[in-house]
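I have placed the structure first, in the form of structure tokens, so that the comments after it can refer back to it.
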Amino acid sequence: MKTLISPLARRRAAPASAAGARLGWLDALRGIAALVVVLHHFDVLRMLPFGGMVRRNFDLGVFGVMLFFIVSGYIIPASLERRGDVRGFWIGRLFRIYPAVIVAFAAAMLMLPAGDGSVALLRTGDDLASLIANGLMLQDMLGVVNGMNVTWTLCYEMIFYFFVTALFTRGLHRHSAPIAVGSAGAALAIGTALAPQILLTQLGSVRLLLLIATPIVLLGFWGVLSDNRRATAAGALLLGGLGLVLATLNSRAVAFETLMIFATMFAGTAVYRAQHGTVRRVPALLACGSVVLAGVLVGWLYNRNGVEESTWTSGWKAWSLSYLAAWILFGLFFLLRGRRFPKPLTWLGAISFSMYLLHFPLLRAIGPPLGVPPMPESALGKIAWAAVFLTVLMAASHVMYRLVELPAQRLGKRVQQAANRRRPPAAPGRTPPRRAEGGERETAAVRTPDEAASVPRD
């Protein structure tokens, strides 16, 4: 007997299916970025006969993390603006990130001995500073050792959230392209002239810096999680201002690297805005082109004469070519965004956060019992070692995604709904409709089901 599907059901199913195809490209990119970072730390290039040549001219780590930052820049502001609710955005972010990070820290500390340098949370000699700085996810900007060596990127993500929230509450969120160009220009102009961790050097004490920064962060969070419009705006301003001070005056990384990371993220936002017509496309694309060019030039200008040791690369070519390649791949997938991507790639994207958090502790835990290091010499031994590690990693990441990430995200939604029932969210100042490209007025709050489903959710 034929199953009859009503025309209404078909109309509802079609947009959802099309939306899945449109968003699959983002999951695929995240999956590739995570896998590349994993292979970088796995030291896959040492297993290949031509790996030395690749290493001298290309850095898998830079490629992977920059691809992550482009994708984050594209989707995070869209997530905030889709909600139009600062409190809801932050509840979502906190439940998206913290549960997985806490579980990853706990697993890593159970798996690895205290002497293993890849996990430093509560193992630095100043447990209080370690716990507070890593708990705020600002450790890389506060002069505190990263709790896990991969969590430095989360510090940049957190400060980007600060910036995005502050801009949104002030009605300046559409200025992504000028901000991206300004940050890239500053990277070119400053280079390495601004010393890392100036604030820490002047204050002379990590604890004193924490004593100043921690109340500001807590007050900021109190504001953005409140239901009061003025408190929300004030909290966002506090967080954005602190982020700006820390990023410019106390980053552990060299100045051009820090500035290019934020330029990259805001350029990703500009791509989203140009795609959806909220800014004019030609200026936005020119801004993105300028950021890409700056990213290549800063490598050539500054990532040499010993500076490459600070960026963990082999030289200017490794930085510049990897940065350029990240944008090329993003651009290629963007052009193919209407196509369906293979399920294994989108699945990798789904578990990418867990993969990113777990891969290094698992690598250090699995290797020694199997006699690695040293790396197996035979081709079969190398293949077997890679297969074992990747199988264990992907299985563990899938379990963590299903048992930790998804339940935490569902809990976050319930918390948000309960907060909204108790006290409706404070709406930011209403931004009047603007003329998008082609002269049509933008209608920000009204979307068809198809359009709503196509907005990235993260």
Side-chain angles (χ1 to χ4, degrees), residues 21-42 44-45 48 50-51 53-76 78 153 156-157 160 176 180 184 257 260-275 284-299 303 311-314 316-353 355-356 359 456 458:
R22 282 195 297 273
L23 299 181
W25 70 283
L26 290 171
D27 279 331
L29 279 173
R30 280 191 285 203
I32 292 171
L35 185 58
V36 168
V37 172
V38 168
L39 293 175
H40 173 64
H41 289 142
F42 185 72
V44 70
L45 293 181
L48 303 175
F50 50 84
M53 182 272 292
V54 175
R55 185 189 297 273
R56 287 190 296 273
N57 296 281
F58 194 86
D59 190 277
L60 293 175
V62 171
F63 173 80
V65 296
M66 287 301 177
L67 189 55
F68 266 130
F69 286 137
I70 299 169
V71 172
S72 286
Y74 180 90
I75 62 177
I76 294 302
T153 59
Y156 284 87
E157 289 271 347
F160 183 64
S176 309
E257 183 179 21
M260 280 310 308
I261 287 173
F262 291 116
T264 300
M265 298 176 90
F266 278 110
T269 308
V271 173
Y272 176 83
R273 298 198 187 289
Q275 177 192 352
L285 293 178
L286 287 174
C288 290
S290 300
V291 170
V292 175
L293 179 61
V296 174
L297 286 176
V298 293
N303 200 47
T311 60
W312 297 83
T313 57
S314 61
W316 77 265
K317 287 182 183 178
W319 166 277
S320 297
L321 294 179
S322 305
Y323 184 82
L324 178 62
W327 273 104
I328 289 173
L329 187 65
F330 177 83
L332 177 63
F333 274 53
F334 180 82
L335 293 175
L336 299 174
R337 65 190 181 278
R339 297 179 179 270
R340 287 199 170 277
F341 283 81
K343 285 187 177 179
L345 268 184
T346 57
W347 172 72
L348 277 180
I351 67 170
S352 59
F353 189 42
M355 280 180 62
Y356 183 77
H359 77 274
D458 189 74

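All of these numbers come straight from a predicted model, not from anything done at the bench.
We find the NE2-CH2 distance between His40 and Trp312 to be 9.5 Å, quoted to the nearest 0.5 Å. The line from CG of Asn303 to OG1 of Thr313 is 3.5 Å long, rounded to the nearest 0.5 Å. Taking CG of Leu297 as the start and CE of Met260 as the end, the distance is 9.5 Å to the nearest 0.5 Å. Here the CD1-CD1 distance, from Ile75 to Ile70, works out to 12.5 Å after rounding to the nearest 0.5 Å. Atom CZ of Arg55 sits about 10.0 Å away from atom CG of Leu48, to the nearest 0.5 Å. With rounding to the nearest 0.5 Å, the separation of CG in Leu335 from CZ in Phe330 is 10.0 Å.
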*Can Ile32 and Phe333 be said to form a side-chain contact (heavy atoms from CB on, under 4.5 Å), step by step?*
CA-CA 11 Å; Ile32 292 171; Phe333 274 53; 3.5 Å; yes
*Might you work through the side-chain contact (heavy atoms from CB on, under 4.5 Å) test for Cys288 and Val271, ending with a clear yes or no?*
CA-CA 8 Å; Cys288 290; Val271 173; 3.6 Å; yes
*Go through the steps for Leu45 and Phe58 under the test side-chain contact (heavy atoms from CB on, under 4.5 Å), then give the verdict.*
CA-CA 10 Å; Leu45 293 181; Phe58 194 86; over 6 Å; no
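Nearest heavy-atom pair, Arg56 versus Lys317, reported as atom, atom and distance to 0.1 Å: O-CB, 4.3 Å. In terms of heavy-atom proximity, Gly299 sits nearest to Ser320 at CA-OG, 3.4 Å.
Within the 4.5 Å cutoff, the side chain of Thr153 has heavy atoms near those of the Tyr356 side chain. Contact check for Phe160 versus Ile261: no side-chain heavy atoms found under the 4.5 Å cut-off.
Partner of Tyr74 under the ring pair (Phe, Tyr, Trp, His ring centres under 6.0 Å) criterion, chosen from Phe69, Trp25, Phe266: Trp25.
Every residue meeting the side-chain hydrogen bond (donor to acceptor under 3.5 Å, both in side chains) condition with His41, not counting sequence neighbours, appears here in chain and number order: His359.
At distances below 3.5 Å, at least one donor-acceptor pair connects side-chain atoms of Thr269 with backbone N or O atoms of Gly73. Side chain of Arg273 to backbone of Ala270: no donor-acceptor contact under 3.5 angstrom is found.
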Under 3.5 Å, sequence neighbours excluded: what are the donor-acceptor pairs made by side chains of residues 341-353?
residue	atom	partner	partner atom	Å
Thr346	OG1	Lys343	O	3.0
Trp347	NE1	His398	ND1	3.1
Ser352	OG	Gly349	O	2.7

Please tabulate, one pair per line, all N/O donor-acceptor pairs under 3.5 Å involving side-chain atoms of residues 59-68, not counting sequence neighbours.
residue	atom	partner	partner atom	Å
Asp59	OD1	Gly61	N	3.0
Asp59	OD1	Val62	N	2.8

